[in-house]
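Step one of this worksheet: look at the structure below.
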Amino acid sequence: MSIKHLIRLLWKNKFRILIPPILVGLAVFFLTQNMPREYESKTIVFTNPNTNRGATDGGVVRMDFYTSNNLFDNLTLLVKSRETIEDAVLRLLAMHLSLAEVVPSIIQEDSYRNLQQHIRPELWEELAVPGNLEQTLLRLREHYQNIPGSPIEYILREHEHYSIRKVLERLYVGRKSSSDMMEISYRTNDPGICYHTLRLVSEAFMERYSGMKEMENTNSIAYFQNQLTKAQDKLREAEGNLKAFMTQNRILNYYEQGKYLDIAKLEHEQDEERSKRLLSGTRSNLDEIQEMFQNFDKRQVIIQTISSLQDEIVVRDMEIQGLRSQNGSDAKIERLTAEITNLKSQIEEASTELFRNSNSLQGIQRETLLEEWLGLKILFEQQKQSLDVMQNRKAYLSGKIEEFAPLGAELKKLEREVSVNEEQYLSILHGLNMAYLQKYDLEMSSSQKLIDEPYYPKTPLPSKRMLFILGGSLATGFFGFSLVVLSFFLDRTIKSAPLAEKVTGLKVSGAWIDEKVLSKAVKKETLYNRLRKQFYNNIGKYLPQQGKKVILFYSLKQGEGKTFLIQKLVEELTDQNRKPVYWGSPEDAAQISCESLSYHHETAIYDRKDTYWEERIAQTEKEFILWELPNIEELPLNYSLINQANVLVMVLDAERNWNSSDSRFHESLKEMIEIPHVIWLNKLKDDELEDVNGEIPRERSFLRSKIKKILS
């Protein structure tokens, strides 16, 4: 459907579309005359979501988009929680019950009287303490909790101003853009109730939120204190184990002691190596000197004597050194010293005797050689004793190292355990300090602050009356428009020439308007003349130039207007001074304003032989024979008779439905027809007629003519 067809359709059904919305608008207008006005109050709360942090994060928290939205969702749900609304509503009801008389800034007269209708006077006196809100609230809570099904429970469930469900429906909570501000608004038909409900809801929300935060902080402190005690016990136990281990193994500083043993061992090995080299050299020199005395017997005796004396000197010298190292008796040391001096004197005498009797092979004096031998002998014995002491010292150091080395791993383990417990203790101590700081912060200030206090609404909100009227009218208009468009698409009638050509497969040669819906502005005579001439011109090309012109009319249904249209064609032929004749039934012939040939029985047309009608056509003096066939639904078709005509015209009512039975019958008819076959539409609407015959002549205003020109 094109725009032009849509506009035509809407214009044709303008009253169906416009009148119902007007009626609905008027009905809404009268029904909403006494509609109550609503009042609205708002408040803005600064939420500061950054304060919602743990006690151990040091106040540093990463706030991203999802975290921020989650925090605001939590705050919104807390505002709209049942307990928050219930607490606010109970306080509001207690405030109204405690009033000795109506205060317009708290509750209007109508609302106060409505509340009195829901609570009987005895119950009112039982609950209310005039002028004392807290006592009234205490009694109200006790009554509400202990007596289920009471009027108070009904009021909190169903009353317009105190119902928890209805308060939630009128309460709006939203975030202001992407800020930390949260807006809470409430609307109702009483300004005092609106203001105090919003104020009490805000106070209940902030009180509950502060209580939740304090409870979280109290739990955090208790948790950290408990964990701190456990961590302290574990730290003390680890430190005790470390102390016992170091005491048991006599460890002052493991790393310094280990370093000392390592250095001592290295120095001892160097001294031992040096002592071995000196002992080897002393032995070599001593052996060489002793070889000088091997050829003298007496010298041997003297040497043996000297050797024994030397041994005694060495023994006494070692005893003196032992006594000195042990801080022995001085008297004994002096005695041994005197004995050594005596023995040395004896050695000198023997040496003098020895060197007096013989000389050394190298020409060294006996006295000098003896003294050299004696010195080497004493040095050798001293070096030998020192080497033995070094061996014992080496064994001692090796034992200490083997004993000290495995202690490092165990000591490291104990020190690590102490370090871990100490870090855990310090971390818990830090968390406890942060929890105390947060508790102090919550005590000193609240993270929830009212930026804009709730205000008393003095003027009502703009009325929605016009919105209701407009919405009802538009909805009704849209519904009517939808019905009109839907009825157009559901309409199965012929209604237009293109559709008639589509369903029948024949060309439309003419159409006639539905005269019942013609307006007074239409120039009927001009229109009728154009319609008659259009049909005559379209079928004229099928008629012979000379001789008789036979036009055969039929329709598939009874009452489609064959006789009516034939009369219109007769009028056109009469205007042209042509001579037509009508052939049809006597009843129809009475409606035709020309000469007619009627037959009394419809079957007569089929009883005659074909040559009979050929002779009748030849004998007729008239130029045009307008032949109307009887109802073809009731009588058989005479195809040979039909094919004698010049053109076959199917009269089709545009208001009738075209069904599948019509299609099958019409297809079988077309198979037998050999002459031109056209359609003459009857009862066509004016908007569809313009597509066939052009613009309908009528009187139009200037504006309508312009619109018509634009749409055309």
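Just the heavy atoms: all of them, side chains too, but no hydrogens, waters or symmetry mates, feed the values below.
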Count the heavy atoms of every other residue, nucleotide or ligand shown that sit under 6.0 Å from [atom1] of [X], and state whether that count exceeds 12.
X	atom1	value
Lys234	NZ	no
Arg113	CZ	yes
Lys14	NZ	yes
Arg165	CZ	yes
Glu142	CD	no
Tyr456	OH	yes
Glu158	CD	yes
Tyr455	OH	yes

Sole candidate of His196, His96, His118 that passes ring-ring contact (aromatic ring centres under 6.0 Å, His included) when paired with Tyr162: His96

Measure across [X] and [Y] and return the closest heavy-atom pair with its distance rounded to 0.1 Å.
X	Y	value
Ile494	Leu499	O-CD2, 3.1 Å
His161	Ser111	CE1-OG, 3.3 Å
His159	Lys166	O-CD, 3.8 Å

Side chains of [X] and [Y]: does their closest heavy-atom pair fall under 4.5 Å?
X	Y	result
Leu97	Ile119	yes
Val79	Thr84	no
Val129	Arg139	yes

Output the distance between atom [atom1] ([X]) and atom [atom2] ([Y]), rounded to the nearest 0.5 Å.
X	Y	atom1	atom2	result
Leu200	Tyr186	CG	OH	11.0 Å
Cys194	Glu40	SG	CD	7.0 Å
Leu133	Leu137	CG	CG	6.0 Å
Phe205	Thr43	CZ	OG1	10.5 Å
Gln135	Ser98	CD	OG	11.5 Å
Ile193	Leu198	CD1	CG	13.5 Å

We want to know whether [X] and [Y] form a side-chain donor-acceptor pair, criterion being a heavy-atom distance below 3.5 angstrom.
X	Y	answer
Ser663	Ser660	no
Thr188	Asp190	no
Glu160	Asn189	yes

When Glu655 is tested against each of Lys516, Lys685, Lys557, Lys495 for salt bridge (Lys or Arg N to Asp or Glu O under 4.0 Å), which residue passes? Lys685

Quick check against the 3.5 Å criterion: does Asp87 have a side-chain atom that pairs as donor or acceptor with the backbone of Glu83? no

Is it the case that the side chain of Ser427 and the backbone of Glu423 share a donor-acceptor pair, with hydrogens and angles ignored and the cut-off at 3.5 Å? no

In sequence, state the C-alpha distance, the side-chain angles, and the governing distance for Ser41 and Arg199, and then conclude on side-chain hydrogen bond (donor to acceptor under 3.5 Å, both in side chains). CA-CA 9 Å; Ser41 181; Arg199 178 180 61 82; over 6 Å; no

